[in-house]
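What you see is a predicted model; the values in this text were computed from it and never measured. Quick note: residue numbers are just sequence positions, from 1. Each ligand, and each atom within it, is numbered from 1 in the order the structure gives.
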Amino acid sequence: MTPELQKAWDALRAHHKDVADRRIKTLFHGDRAAAFSAQTEDLKLDYAKTNLDAEGVQLLLDLARAADLEGRRAAMFSGAPINETEGRAVLHTALRNIDGGPVTVDGQDVMGEVRDTLARMEAFAKSVRDGSFTGQGGRITDVINIGIGGSDLGPAMGTLALAPYHDGPRCHFVSNVDPADIAQVLEVCNPETTLVIVASKTFTTIETMTNARTAKAWMSERVSDPAAQFAALSTAEDKTAAFGIDPARVFGFADWVGGRYSMWGPIGLSLMIAVGPRAFRAFLDGGAQMDRHFQAAEGTDNLPLMLALVGIWHNQICGYATRAVLPYDNNLSRLPAYLQQLEMESNGKGVSMDGADLEVHSGPVVWGEPGTNGQHAFYQLIHQGTRVIPCEFLVAARGHRDELHHQHQLLVANCLAQSEALMTGRDLDAARAKVADRFEGDELERQAKHRVFPGNRPSVTLAYPQLTPFRLGQIIALYEHRVFVEGVILGINSFDQWGVELGKELATALQPIVEGADASGKDGSTAGLVGFLRDRGL
Ligand code: F6P
(Lines give C-alpha, C1' and ligand atoms only; values in the text may rest on other atoms or scores of the structure.)
Protein backbone atom coordinates (compact mmCIF):
# COMPACT_ATOMS: atom_id res chain seq x y z
CA MET A 1 0.00 0.00 0.00
CA THR A 2 1.38 3.42 -0.89
CA PRO A 3 1.84 5.93 1.96
CA GLU A 4 -0.83 8.12 0.33
CA LEU A 5 -3.35 5.28 0.31
CA GLN A 6 -2.46 4.32 3.88
CA LYS A 7 -3.04 7.92 4.91
CA ALA A 8 -6.41 7.97 3.17
CA TRP A 9 -7.55 4.75 4.93
CA ASP A 10 -6.32 6.10 8.28
CA ALA A 11 -8.14 9.38 7.80
CA LEU A 12 -11.38 7.55 7.04
CA ARG A 13 -11.02 5.31 10.08
CA ALA A 14 -10.39 8.32 12.30
CA HIS A 15 -13.42 10.07 10.87
CA HIS A 16 -15.55 6.99 11.45
CA LYS A 17 -14.45 6.89 15.10
CA ASP A 18 -15.67 10.46 15.51
CA VAL A 19 -19.08 9.90 13.93
CA ALA A 20 -19.89 6.24 14.62
CA ASP A 21 -22.25 6.96 17.50
CA ARG A 22 -24.43 9.63 15.98
CA ARG A 23 -27.85 8.99 14.52
CA ILE A 24 -28.37 9.24 10.77
CA LYS A 25 -31.63 11.04 11.33
CA THR A 26 -29.85 13.98 12.97
CA LEU A 27 -27.96 14.60 9.73
CA PHE A 28 -31.12 15.67 7.94
CA HIS A 29 -30.92 19.43 7.65
CA GLY A 30 -30.54 21.71 4.67
CA ASP A 31 -30.84 19.88 1.39
CA ARG A 32 -29.25 16.62 2.49
CA ALA A 33 -31.41 14.54 0.15
CA ALA A 34 -30.04 16.39 -2.88
CA ALA A 35 -26.48 16.63 -1.58
CA PHE A 36 -26.31 12.93 -0.76
CA SER A 37 -27.69 11.52 -3.96
CA ALA A 38 -26.32 11.11 -7.46
CA GLN A 39 -28.69 11.50 -10.33
CA THR A 40 -28.83 11.16 -14.09
CA GLU A 41 -31.91 11.82 -16.17
CA ASP A 42 -33.32 8.37 -15.40
CA LEU A 43 -31.57 7.09 -12.32
CA LYS A 44 -31.41 8.40 -8.80
CA LEU A 45 -29.06 6.90 -6.25
CA ASP A 46 -30.05 8.15 -2.83
CA TYR A 47 -27.51 7.56 -0.05
CA ALA A 48 -28.82 10.22 2.32
CA LYS A 49 -29.98 7.49 4.72
CA THR A 50 -26.39 6.57 5.63
CA ASN A 51 -24.08 7.94 8.27
CA LEU A 52 -22.02 9.78 5.67
CA ASP A 53 -21.48 13.51 5.92
CA ALA A 54 -19.64 15.88 3.60
CA GLU A 55 -16.32 15.15 5.27
CA GLY A 56 -16.84 11.41 5.02
CA VAL A 57 -17.67 11.67 1.32
CA GLN A 58 -14.61 13.82 0.72
CA LEU A 59 -12.38 11.33 2.52
CA LEU A 60 -13.81 8.52 0.41
CA LEU A 61 -13.15 10.51 -2.75
CA ASP A 62 -9.59 11.06 -1.50
CA LEU A 63 -9.29 7.30 -1.02
CA ALA A 64 -10.38 6.66 -4.60
CA ARG A 65 -7.87 9.23 -5.83
CA ALA A 66 -5.08 7.71 -3.73
CA ALA A 67 -5.89 4.31 -5.26
CA ASP A 68 -5.45 5.88 -8.70
CA LEU A 69 -9.00 5.12 -9.73
CA GLU A 70 -8.79 7.44 -12.72
CA GLY A 71 -5.64 5.75 -14.00
CA ARG A 72 -7.06 2.26 -13.52
CA ARG A 73 -10.34 3.22 -15.18
CA ALA A 74 -8.48 4.64 -18.18
CA ALA A 75 -6.36 1.48 -18.31
CA MET A 76 -9.44 -0.74 -18.35
CA PHE A 77 -11.21 1.15 -21.13
CA SER A 78 -7.99 1.39 -23.16
CA GLY A 79 -7.57 -2.39 -23.30
CA ALA A 80 -4.49 -2.61 -21.08
CA PRO A 81 -4.02 -6.08 -19.49
CA ILE A 82 -5.39 -5.08 -16.08
CA ASN A 83 -6.32 -8.69 -15.30
CA GLU A 84 -2.69 -9.14 -14.37
CA THR A 85 -2.77 -12.68 -12.99
CA GLU A 86 -4.17 -13.95 -16.28
CA GLY A 87 -2.42 -11.41 -18.50
CA ARG A 88 -5.67 -10.27 -20.09
CA ALA A 89 -7.43 -7.06 -20.96
CA VAL A 90 -10.86 -6.44 -19.44
CA LEU A 91 -13.13 -5.22 -22.18
CA HIS A 92 -16.68 -6.39 -21.69
CA THR A 93 -17.41 -2.69 -22.26
CA ALA A 94 -16.42 -3.20 -25.93
CA LEU A 95 -19.37 -5.57 -26.36
CA ARG A 96 -21.75 -2.66 -25.87
CA ASN A 97 -19.68 0.02 -27.56
CA ILE A 98 -21.56 -0.71 -30.78
CA ASP A 99 -21.95 2.91 -31.88
CA GLY A 100 -18.65 4.01 -30.36
CA GLY A 101 -15.11 4.38 -31.60
CA PRO A 102 -12.27 1.87 -31.89
CA VAL A 103 -11.18 -0.25 -28.94
CA THR A 104 -7.73 -1.73 -29.24
CA VAL A 105 -6.15 -4.80 -27.71
CA ASP A 106 -2.47 -5.32 -28.55
CA GLY A 107 -2.75 -2.57 -31.14
CA GLN A 108 -5.71 -4.21 -32.93
CA ASP A 109 -9.18 -2.65 -33.07
CA VAL A 110 -11.57 -5.34 -31.81
CA MET A 111 -14.79 -3.53 -32.71
CA GLY A 112 -15.04 -5.05 -36.20
CA GLU A 113 -15.19 -8.53 -34.73
CA VAL A 114 -17.57 -7.46 -31.97
CA ARG A 115 -19.98 -5.98 -34.52
CA ASP A 116 -19.69 -8.99 -36.84
CA THR A 117 -20.48 -11.39 -34.03
CA LEU A 118 -23.41 -9.25 -32.92
CA ALA A 119 -24.74 -9.23 -36.50
CA ARG A 120 -24.42 -13.04 -36.69
CA MET A 121 -26.21 -13.41 -33.37
CA GLU A 122 -28.97 -11.09 -34.57
CA ALA A 123 -29.41 -13.00 -37.83
CA PHE A 124 -29.57 -16.29 -35.95
CA ALA A 125 -31.94 -14.95 -33.28
CA LYS A 126 -34.22 -13.57 -35.99
CA SER A 127 -34.25 -16.89 -37.83
CA VAL A 128 -35.22 -18.73 -34.64
CA ARG A 129 -37.89 -16.16 -33.81
CA ASP A 130 -39.43 -15.96 -37.30
CA GLY A 131 -39.36 -19.71 -37.87
CA SER A 132 -36.85 -19.78 -40.72
CA PHE A 133 -34.55 -21.82 -38.50
CA THR A 134 -36.46 -24.91 -37.50
CA GLY A 135 -36.01 -28.09 -35.57
CA GLN A 136 -36.79 -31.45 -37.13
CA GLY A 137 -40.41 -31.04 -35.98
CA GLY A 138 -40.80 -27.45 -37.18
CA ARG A 139 -40.64 -24.02 -35.60
CA ILE A 140 -38.58 -23.73 -32.40
CA THR A 141 -40.86 -23.58 -29.37
CA ASP A 142 -38.26 -23.91 -26.62
CA VAL A 143 -34.69 -22.80 -26.09
CA ILE A 144 -32.57 -24.45 -23.41
CA ASN A 145 -29.49 -22.53 -22.32
CA ILE A 146 -27.04 -24.90 -20.67
CA GLY A 147 -24.35 -23.05 -18.77
CA ILE A 148 -23.31 -22.22 -15.22
CA GLY A 149 -22.05 -19.17 -13.33
CA GLY A 150 -21.61 -16.29 -15.73
CA SER A 151 -22.81 -18.46 -18.60
CA ASP A 152 -26.17 -18.86 -16.87
CA LEU A 153 -26.84 -16.12 -14.35
CA GLY A 154 -26.68 -13.19 -16.78
CA PRO A 155 -29.09 -14.49 -19.44
CA ALA A 156 -31.32 -16.12 -16.80
CA MET A 157 -31.51 -12.94 -14.73
CA GLY A 158 -31.98 -10.79 -17.86
CA THR A 159 -34.68 -12.96 -19.39
CA LEU A 160 -36.70 -12.79 -16.18
CA ALA A 161 -36.03 -9.05 -15.79
CA LEU A 162 -37.32 -8.40 -19.30
CA ALA A 163 -40.26 -10.80 -19.12
CA PRO A 164 -42.67 -8.06 -20.28
CA TYR A 165 -40.67 -7.87 -23.55
CA HIS A 166 -40.41 -11.64 -24.05
CA ASP A 167 -42.12 -12.46 -27.34
CA GLY A 168 -39.83 -15.23 -28.61
CA PRO A 169 -39.84 -18.95 -27.82
CA ARG A 170 -39.90 -20.17 -24.22
CA CYS A 171 -36.45 -20.08 -22.61
CA HIS A 172 -35.19 -22.50 -19.99
CA PHE A 173 -31.94 -22.30 -18.07
CA VAL A 174 -30.15 -25.42 -16.91
CA SER A 175 -27.07 -24.94 -14.77
CA ASN A 176 -26.81 -27.47 -11.97
CA VAL A 177 -25.15 -30.84 -12.49
CA ASP A 178 -27.88 -32.20 -10.24
CA PRO A 179 -29.92 -34.29 -12.70
CA ALA A 180 -33.08 -32.82 -11.20
CA ASP A 181 -32.33 -29.56 -12.99
CA ILE A 182 -32.06 -30.84 -16.55
CA ALA A 183 -34.64 -33.60 -16.09
CA GLN A 184 -37.43 -31.20 -15.23
CA VAL A 185 -36.63 -28.99 -18.22
CA LEU A 186 -36.39 -31.89 -20.70
CA GLU A 187 -39.69 -33.20 -19.40
CA VAL A 188 -41.55 -30.13 -20.64
CA CYS A 189 -39.73 -29.75 -23.99
CA ASN A 190 -40.26 -31.48 -27.31
CA PRO A 191 -36.85 -32.53 -28.74
CA GLU A 192 -38.11 -31.93 -32.27
CA THR A 193 -38.79 -28.26 -31.65
CA THR A 194 -36.10 -27.41 -29.09
CA LEU A 195 -32.88 -25.47 -29.63
CA VAL A 196 -30.12 -26.25 -27.14
CA ILE A 197 -27.54 -23.54 -26.55
CA VAL A 198 -24.37 -24.72 -24.82
CA ALA A 199 -22.93 -21.66 -23.14
CA SER A 200 -19.43 -22.06 -21.78
CA LYS A 201 -16.53 -19.71 -22.19
CA THR A 202 -14.04 -22.54 -21.76
CA PHE A 203 -16.23 -25.41 -23.03
CA THR A 204 -14.66 -27.58 -20.34
CA THR A 205 -16.86 -26.84 -17.32
CA ILE A 206 -17.86 -30.26 -16.11
CA GLU A 207 -21.43 -29.37 -15.11
CA THR A 208 -22.15 -27.78 -18.48
CA MET A 209 -20.52 -30.47 -20.57
CA THR A 210 -22.29 -33.22 -18.61
CA ASN A 211 -25.67 -31.52 -19.08
CA ALA A 212 -24.90 -30.88 -22.76
CA ARG A 213 -24.22 -34.58 -23.34
CA THR A 214 -27.42 -35.49 -21.51
CA ALA A 215 -29.38 -33.08 -23.72
CA LYS A 216 -27.76 -34.49 -26.85
CA ALA A 217 -28.64 -38.04 -25.84
CA TRP A 218 -32.23 -36.96 -25.08
CA MET A 219 -32.52 -35.30 -28.45
CA SER A 220 -30.97 -38.16 -30.39
CA GLU A 221 -33.78 -40.45 -29.26
CA ARG A 222 -36.23 -38.52 -31.43
CA VAL A 223 -34.12 -36.44 -33.81
CA SER A 224 -31.87 -37.91 -36.53
CA ASP A 225 -29.34 -35.06 -36.46
CA PRO A 226 -29.38 -33.64 -32.91
CA ALA A 227 -26.28 -31.49 -33.42
CA ALA A 228 -28.27 -29.49 -35.98
CA GLN A 229 -30.41 -28.22 -33.10
CA PHE A 230 -27.42 -27.19 -31.00
CA ALA A 231 -25.64 -23.85 -30.87
CA ALA A 232 -22.56 -22.97 -28.83
CA LEU A 233 -21.29 -19.83 -27.15
CA SER A 234 -17.63 -20.09 -26.33
CA THR A 235 -14.09 -18.86 -26.72
CA ALA A 236 -12.97 -22.43 -27.50
CA GLU A 237 -14.04 -23.06 -31.07
CA ASP A 238 -11.92 -26.22 -31.40
CA LYS A 239 -13.88 -27.78 -28.55
CA THR A 240 -17.28 -26.76 -29.92
CA ALA A 241 -16.29 -28.44 -33.19
CA ALA A 242 -15.26 -31.58 -31.34
CA PHE A 243 -18.72 -31.60 -29.75
CA GLY A 244 -20.14 -31.64 -33.29
CA ILE A 245 -21.62 -28.16 -33.48
CA ASP A 246 -21.58 -26.51 -36.89
CA PRO A 247 -19.36 -23.39 -36.83
CA ALA A 248 -22.29 -21.50 -38.37
CA ARG A 249 -24.01 -21.79 -35.00
CA VAL A 250 -20.96 -21.12 -32.87
CA PHE A 251 -20.68 -17.61 -31.50
CA GLY A 252 -17.22 -16.91 -30.21
CA PHE A 253 -15.76 -14.23 -28.02
CA ALA A 254 -12.34 -13.23 -26.81
CA ASP A 255 -10.64 -13.99 -23.50
CA TRP A 256 -10.96 -10.33 -22.51
CA VAL A 257 -14.60 -10.97 -21.67
CA GLY A 258 -14.82 -12.39 -18.14
CA GLY A 259 -17.50 -15.01 -17.50
CA ARG A 260 -19.46 -12.89 -15.02
CA TYR A 261 -19.26 -9.90 -17.36
CA SER A 262 -20.32 -11.80 -20.46
CA MET A 263 -24.06 -11.38 -20.87
CA TRP A 264 -23.50 -8.46 -23.28
CA GLY A 265 -22.05 -10.70 -25.99
CA PRO A 266 -22.74 -14.22 -27.27
CA ILE A 267 -23.59 -15.47 -23.77
CA GLY A 268 -26.67 -13.22 -24.07
CA LEU A 269 -27.98 -15.15 -27.10
CA SER A 270 -30.88 -16.79 -25.24
CA LEU A 271 -31.92 -13.37 -23.93
CA MET A 272 -31.73 -11.98 -27.46
CA ILE A 273 -33.90 -14.82 -28.77
CA ALA A 274 -36.38 -14.17 -25.97
CA VAL A 275 -36.79 -10.41 -26.37
CA GLY A 276 -35.55 -9.87 -29.92
CA PRO A 277 -32.49 -8.13 -31.35
CA ARG A 278 -33.98 -4.65 -31.02
CA ALA A 279 -34.60 -4.94 -27.31
CA PHE A 280 -31.18 -6.55 -26.88
CA ARG A 281 -29.61 -3.54 -28.64
CA ALA A 282 -31.45 -1.26 -26.23
CA PHE A 283 -29.95 -3.28 -23.38
CA LEU A 284 -26.47 -2.76 -24.88
CA ASP A 285 -27.19 0.95 -25.35
CA GLY A 286 -28.11 1.26 -21.68
CA GLY A 287 -24.80 -0.34 -20.71
CA ALA A 288 -22.86 1.91 -23.10
CA GLN A 289 -24.59 4.97 -21.69
CA MET A 290 -23.48 3.96 -18.18
CA ASP A 291 -19.94 3.44 -19.47
CA ARG A 292 -19.87 7.00 -20.76
CA HIS A 293 -21.33 8.30 -17.52
CA PHE A 294 -18.76 6.37 -15.48
CA GLN A 295 -15.91 7.84 -17.50
CA ALA A 296 -17.19 11.41 -17.63
CA ALA A 297 -19.17 12.25 -14.49
CA GLU A 298 -17.18 14.05 -11.86
CA GLY A 299 -16.93 13.08 -8.19
CA THR A 300 -20.25 12.90 -6.41
CA ASP A 301 -22.17 13.02 -9.71
CA ASN A 302 -20.76 9.65 -10.67
CA LEU A 303 -23.22 6.88 -9.79
CA PRO A 304 -20.92 3.83 -9.90
CA LEU A 305 -18.28 5.73 -7.96
CA MET A 306 -20.71 6.79 -5.24
CA LEU A 307 -22.30 3.34 -5.00
CA ALA A 308 -18.83 1.88 -4.58
CA LEU A 309 -17.74 4.46 -2.00
CA VAL A 310 -20.86 3.83 0.08
CA GLY A 311 -20.02 0.12 -0.17
CA ILE A 312 -16.46 0.71 1.03
CA TRP A 313 -17.74 2.91 3.87
CA HIS A 314 -20.13 0.22 5.10
CA ASN A 315 -17.95 -2.82 4.60
CA GLN A 316 -14.34 -1.82 5.16
CA ILE A 317 -14.85 1.19 7.42
CA CYS A 318 -18.00 0.48 9.46
CA GLY A 319 -17.28 -3.27 9.43
CA TYR A 320 -20.69 -4.43 8.20
CA ALA A 321 -19.88 -7.78 6.65
CA THR A 322 -22.86 -8.23 4.36
CA ARG A 323 -25.13 -6.17 2.18
CA ALA A 324 -28.66 -7.00 1.23
CA VAL A 325 -29.89 -6.29 -2.30
CA LEU A 326 -33.63 -5.82 -2.15
CA PRO A 327 -35.29 -5.16 -5.51
CA TYR A 328 -38.88 -3.94 -5.18
CA ASP A 329 -39.28 -5.18 -8.72
CA ASN A 330 -40.29 -8.81 -8.93
CA ASN A 331 -38.77 -9.25 -12.36
CA LEU A 332 -35.39 -8.59 -10.74
CA SER A 333 -35.79 -11.72 -8.59
CA ARG A 334 -32.54 -13.16 -9.90
CA LEU A 335 -30.58 -9.94 -9.51
CA PRO A 336 -29.29 -10.83 -6.02
CA ALA A 337 -27.98 -14.18 -7.33
CA TYR A 338 -26.46 -12.44 -10.34
CA LEU A 339 -24.78 -9.88 -8.09
CA GLN A 340 -23.52 -12.59 -5.78
CA GLN A 341 -21.34 -13.89 -8.57
CA LEU A 342 -20.48 -10.46 -9.95
CA GLU A 343 -19.42 -9.05 -6.60
CA MET A 344 -18.23 -12.06 -4.62
CA GLU A 345 -16.30 -13.79 -7.41
CA SER A 346 -14.77 -10.45 -8.36
CA ASN A 347 -13.87 -9.01 -4.97
CA GLY A 348 -13.75 -12.04 -2.69
CA LYS A 349 -9.95 -12.13 -2.52
CA GLY A 350 -7.41 -11.90 0.28
CA VAL A 351 -4.34 -11.03 -1.75
CA SER A 352 -3.66 -7.72 -3.40
CA MET A 353 -2.54 -7.29 -6.99
CA ASP A 354 1.13 -7.26 -5.95
CA GLY A 355 0.84 -10.56 -4.06
CA ALA A 356 0.73 -9.13 -0.53
CA ASP A 357 -1.95 -10.05 2.00
CA LEU A 358 -4.85 -7.63 1.88
CA GLU A 359 -4.66 -5.14 4.75
CA VAL A 360 -8.41 -4.54 4.71
CA HIS A 361 -11.37 -6.87 4.40
CA SER A 362 -12.28 -8.21 0.97
CA GLY A 363 -15.69 -7.47 -0.55
CA PRO A 364 -18.90 -8.15 1.39
CA VAL A 365 -21.27 -11.08 1.40
CA VAL A 366 -24.06 -10.11 -0.99
CA TRP A 367 -27.51 -11.57 -0.61
CA GLY A 368 -31.14 -10.66 -1.02
CA GLU A 369 -34.63 -11.34 -2.26
CA PRO A 370 -37.25 -9.17 -3.84
CA GLY A 371 -39.48 -7.01 -1.68
CA THR A 372 -42.09 -7.38 -0.43
CA ASN A 373 -41.42 -11.12 0.03
CA GLY A 374 -38.33 -10.54 2.17
CA GLN A 375 -40.34 -8.35 4.54
CA HIS A 376 -42.27 -11.42 5.63
CA ALA A 377 -39.19 -13.55 5.99
CA PHE A 378 -35.85 -12.07 7.04
CA TYR A 379 -36.46 -8.33 7.58
CA GLN A 380 -37.07 -9.12 11.26
CA LEU A 381 -33.32 -9.57 11.66
CA ILE A 382 -32.51 -6.50 9.58
CA HIS A 383 -34.71 -4.36 11.84
CA GLN A 384 -34.06 -5.85 15.27
CA GLY A 385 -31.07 -8.21 14.98
CA THR A 386 -27.83 -7.29 16.67
CA ARG A 387 -25.83 -6.96 13.45
CA VAL A 388 -26.22 -4.02 11.08
CA ILE A 389 -26.98 -4.99 7.49
CA PRO A 390 -26.79 -2.15 4.97
CA CYS A 391 -29.67 -2.50 2.55
CA GLU A 392 -29.76 -1.59 -1.12
CA PHE A 393 -33.27 -1.02 -2.43
CA LEU A 394 -34.24 -0.84 -6.10
CA VAL A 395 -37.57 0.61 -7.11
CA ALA A 396 -39.30 1.71 -10.32
CA ALA A 397 -41.85 4.49 -10.77
CA ARG A 398 -43.97 2.20 -12.90
CA GLY A 399 -44.37 -1.50 -13.48
CA HIS A 400 -45.64 -3.04 -16.70
CA ARG A 401 -49.23 -3.68 -15.60
CA ASP A 402 -50.99 -0.35 -15.87
CA GLU A 403 -54.31 -1.97 -14.99
CA LEU A 404 -52.77 -2.93 -11.61
CA HIS A 405 -50.89 0.30 -10.95
CA HIS A 406 -52.53 0.55 -7.52
CA GLN A 407 -50.59 -2.62 -6.57
CA HIS A 408 -47.41 -1.04 -7.86
CA GLN A 409 -48.07 1.99 -5.68
CA LEU A 410 -48.40 -0.30 -2.68
CA LEU A 411 -45.08 -1.88 -3.63
CA VAL A 412 -43.39 1.53 -3.74
CA ALA A 413 -44.94 2.54 -0.41
CA ASN A 414 -43.49 -0.62 1.12
CA CYS A 415 -40.04 0.04 -0.28
CA LEU A 416 -39.91 3.61 1.00
CA ALA A 417 -41.41 2.57 4.33
CA GLN A 418 -38.63 0.05 4.87
CA SER A 419 -35.78 2.49 4.38
CA GLU A 420 -37.57 5.01 6.59
CA ALA A 421 -38.20 2.42 9.30
CA LEU A 422 -34.58 1.26 9.18
CA MET A 423 -33.33 4.79 9.66
CA THR A 424 -35.91 6.11 12.13
CA GLY A 425 -36.65 3.07 14.25
CA ARG A 426 -39.00 3.32 17.21
CA ASP A 427 -37.82 4.28 20.68
CA LEU A 428 -39.02 2.89 23.99
CA ASP A 429 -41.49 5.73 24.62
CA ALA A 430 -43.17 5.20 21.27
CA ALA A 431 -43.18 1.45 21.81
CA ARG A 432 -44.76 1.93 25.24
CA ALA A 433 -47.44 4.17 23.75
CA LYS A 434 -48.27 1.43 21.24
CA VAL A 435 -49.22 -1.08 23.93
CA ALA A 436 -50.17 1.12 26.88
CA ASP A 437 -53.84 0.30 26.39
CA ARG A 438 -53.17 -3.41 26.81
CA PHE A 439 -50.51 -3.74 29.49
CA GLU A 440 -49.34 -2.00 32.62
CA GLY A 441 -46.48 -1.99 35.13
CA ASP A 442 -43.61 -4.45 34.57
CA GLU A 443 -45.53 -6.24 31.85
CA LEU A 444 -45.91 -2.96 29.94
CA GLU A 445 -42.12 -2.43 30.13
CA ARG A 446 -41.41 -5.98 28.99
CA GLN A 447 -43.86 -5.85 26.11
CA ALA A 448 -42.68 -2.40 25.03
CA LYS A 449 -39.03 -3.52 24.93
CA HIS A 450 -39.86 -6.16 22.32
CA ARG A 451 -41.43 -3.49 20.15
CA VAL A 452 -38.43 -1.18 20.07
CA PHE A 453 -36.70 -0.76 16.72
CA PRO A 454 -33.13 0.48 17.20
CA GLY A 455 -33.18 2.28 13.85
CA ASN A 456 -30.08 4.10 12.62
CA ARG A 457 -29.61 1.34 10.05
CA PRO A 458 -28.25 2.55 6.72
CA SER A 459 -29.68 1.98 3.29
CA VAL A 460 -29.34 3.28 -0.25
CA THR A 461 -32.09 3.38 -2.84
CA LEU A 462 -31.77 3.21 -6.60
CA ALA A 463 -34.89 4.63 -8.24
CA TYR A 464 -35.72 4.54 -11.96
CA PRO A 465 -38.75 5.13 -14.20
CA GLN A 466 -39.38 1.56 -15.41
CA LEU A 467 -37.40 -1.63 -15.95
CA THR A 468 -36.96 -1.45 -19.72
CA PRO A 469 -34.17 -3.17 -21.69
CA PHE A 470 -32.22 0.11 -21.77
CA ARG A 471 -32.63 0.58 -18.01
CA LEU A 472 -31.55 -2.98 -17.28
CA GLY A 473 -28.39 -2.28 -19.28
CA GLN A 474 -27.74 0.85 -17.23
CA ILE A 475 -28.31 -0.94 -13.94
CA ILE A 476 -26.11 -3.94 -14.72
CA ALA A 477 -23.28 -1.74 -16.00
CA LEU A 478 -23.68 0.43 -12.89
CA TYR A 479 -23.07 -2.61 -10.69
CA GLU A 480 -20.17 -3.79 -12.84
CA HIS A 481 -18.41 -0.47 -12.45
CA ARG A 482 -19.18 -0.39 -8.74
CA VAL A 483 -17.39 -3.73 -8.40
CA PHE A 484 -14.49 -2.35 -10.43
CA VAL A 485 -14.14 0.76 -8.24
CA GLU A 486 -14.29 -1.28 -5.03
CA GLY A 487 -11.67 -3.67 -6.43
CA VAL A 488 -9.34 -0.80 -7.35
CA ILE A 489 -9.67 0.71 -3.88
CA LEU A 490 -8.99 -2.68 -2.27
CA GLY A 491 -6.02 -3.13 -4.59
CA ILE A 492 -7.15 -6.51 -5.86
CA ASN A 493 -7.65 -8.10 -9.26
CA SER A 494 -11.43 -8.20 -9.71
CA PHE A 495 -11.17 -10.24 -12.89
CA ASP A 496 -9.65 -13.58 -11.95
CA GLN A 497 -11.28 -16.33 -9.85
CA TRP A 498 -8.57 -18.65 -8.55
CA GLY A 499 -10.72 -19.37 -5.51
CA VAL A 500 -12.96 -21.71 -7.49
CA GLU A 501 -10.13 -23.99 -8.61
CA LEU A 502 -9.43 -26.12 -5.55
CA GLY A 503 -12.99 -27.38 -5.23
CA LYS A 504 -13.02 -28.30 -8.91
CA GLU A 505 -9.75 -30.25 -8.58
CA LEU A 506 -10.93 -32.12 -5.50
CA ALA A 507 -14.28 -32.94 -7.12
CA THR A 508 -12.43 -34.53 -10.03
CA ALA A 509 -10.29 -36.53 -7.61
CA LEU A 510 -13.35 -37.59 -5.60
CA GLN A 511 -15.37 -38.76 -8.57
CA PRO A 512 -13.77 -42.24 -8.71
CA ILE A 513 -14.21 -42.54 -4.96
CA VAL A 514 -17.93 -41.80 -5.04
CA GLU A 515 -18.14 -44.30 -7.89
CA GLY A 516 -16.65 -47.03 -5.67
CA ALA A 517 -12.85 -46.60 -5.38
CA ASP A 518 -11.09 -46.84 -2.01
CA ALA A 519 -11.70 -43.76 0.16
CA SER A 520 -9.10 -44.52 2.82
CA GLY A 521 -6.65 -41.87 1.56
CA LYS A 522 -9.20 -39.17 2.41
CA ASP A 523 -9.61 -37.44 5.76
CA GLY A 524 -11.83 -39.27 8.25
CA SER A 525 -14.76 -36.93 7.79
CA THR A 526 -14.82 -37.24 4.00
CA ALA A 527 -14.28 -41.00 4.09
CA GLY A 528 -17.02 -41.33 6.72
CA LEU A 529 -19.50 -39.40 4.61
CA VAL A 530 -18.65 -41.49 1.54
CA GLY A 531 -19.23 -44.60 3.64
CA PHE A 532 -22.55 -43.34 4.97
CA LEU A 533 -23.80 -42.43 1.48
CA ARG A 534 -22.54 -45.68 -0.07
CA ASP A 535 -24.38 -47.71 2.56
CA ARG A 536 -27.50 -45.87 1.52
CA GLY A 537 -27.32 -46.27 -2.23
CA LEU A 538 -24.59 -43.94 -3.57
O1 F6P B 1 -15.80 -21.74 -11.91
C2 F6P B 1 -16.11 -20.39 -12.00
C3 F6P B 1 -16.36 -20.03 -13.43
O4 F6P B 1 -15.16 -20.05 -14.12
C5 F6P B 1 -17.03 -18.68 -13.56
O6 F6P B 1 -16.15 -17.63 -13.47
C7 F6P B 1 -17.70 -18.83 -14.87
O8 F6P B 1 -18.67 -17.85 -15.07
C9 F6P B 1 -18.25 -20.22 -14.75
O10 F6P B 1 -17.25 -20.93 -14.04
C11 F6P B 1 -18.57 -20.92 -16.02
O12 F6P B 1 -17.46 -21.03 -16.84
P13 F6P B 1 -17.59 -21.39 -18.37
O14 F6P B 1 -18.36 -20.32 -19.02
O15 F6P B 1 -16.19 -21.50 -18.87
O16 F6P B 1 -18.31 -22.70 -18.46
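For the ligand labelled ligand 1, residue E501 lies outside the 4.0 Å heavy-atom shell. Under the 4.0 angstrom criterion for non-hydrogen atoms, E207 is not in contact with ligand 1.
The proximity of V500 to ligand 1, defined as any non-hydrogen pair under 4.0 Å, is limited to the side chain.
Looking only at heavy atoms of the protein, atom 10 (O) of ligand 1 is closest to K504 NZ, 4.5 Å. Taking atom 9 (C) of ligand 1 as the reference point, the nearest protein heavy-atom neighbour is I148 O, 3.6 Å. The protein non-hydrogen atom at the shortest distance from atom 15 (O) of ligand 1 is T202 OG1, 2.6 Å. Counting protein heavy atoms only, atom 6 (O) of ligand 1 is closest to E345 OE1, 2.7 Å. Among all non-hydrogen protein atoms, the one lying nearest atom 8 (O) of ligand 1 is G150 N, 2.8 Å.
Judged by distance alone, the side chains of D109 and T104 never bring a donor and an acceptor atom under 3.5 Å apart. Side-chain polar atoms of R292 and Q289 form no donor-acceptor pair below 3.5 angstrom. In summary, the side chains of N211 and T208 do not present any donor paired with an acceptor at a separation below 3.5 Å, with no hydrogens or angles considered. Side chain to side chain, D42 and Q474 meet the donor-acceptor criterion of an N or O pair below 3.5 Å.
F124 has its ring centre less than 6.0 Å from the ring centre of F133.
One finds the CG atom of L309 at 9.0 Å from the CG atom of N302 (value rounded to the nearest 0.5 Å).
Residues in residues 224-238 take part in these side-chain hydrogen bond (donor to acceptor under 3.5 Å, both in side chains) pairs, two or more places apart or across chains: Q136-S224.
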Next item on the list: Might you work through the side chain to side chain contact (heavy atoms under 4.5 Å, CB included) test for I489 and L69, ending with a clear yes or no?
Entry: CA-CA 7 Å; I489 290 175; L69 175 65; 5.8 Å; no
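The distance from ligand 1 to the heavy atoms of Q341 drops below 4.0 Å at these ligand atoms: 5 (C), 6 (O), 7 (C), 8 (O). Short contacts between ligand 1 and S151, defined as distances under 4.0 Å to a heavy atom of the residue, involve ligand atoms 13 (P), 14 (O). Applying the 4.0 Å criterion to heavy atoms of S200 picks out, from ligand 1, the atoms 13 (P), 14 (O), 15 (O), 16 (O). Atoms of ligand 1 lying under 4.0 Å from at least one heavy atom of T205, given by number and element, are 12 (O), 13 (P), 15 (O), 16 (O).
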Show which side-chain atoms of residues 260-272 pair as donor or acceptor with protein atoms under 3.5 Å away, not counting sequence neighbours.
residue: R260; atom: NE; partner: S346; partner atom: OG; Å: 2.7
residue: R260; atom: NH1; partner: E345; partner atom: OE1; Å: 2.8
residue: R260; atom: NH1; partner: Q497; partner atom: OE1; Å: 2.7
residue: R260; atom: NH2; partner: S494; partner atom: O; Å: 2.9
residue: R260; atom: NH2; partner: D496; partner atom: O; Å: 2.9
residue: Y261; atom: OH; partner: S346; partner atom: OG; Å: 2.7
residue: S262; atom: OG; partner: G259; partner atom: O; Å: 2.6
residue: W264; atom: NE1; partner: E480; partner atom: OE2; Å: 2.8

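Annotation: T208 places no N or O atom under 3.5 Å from an N or O atom of ligand 1; distance criterion only.
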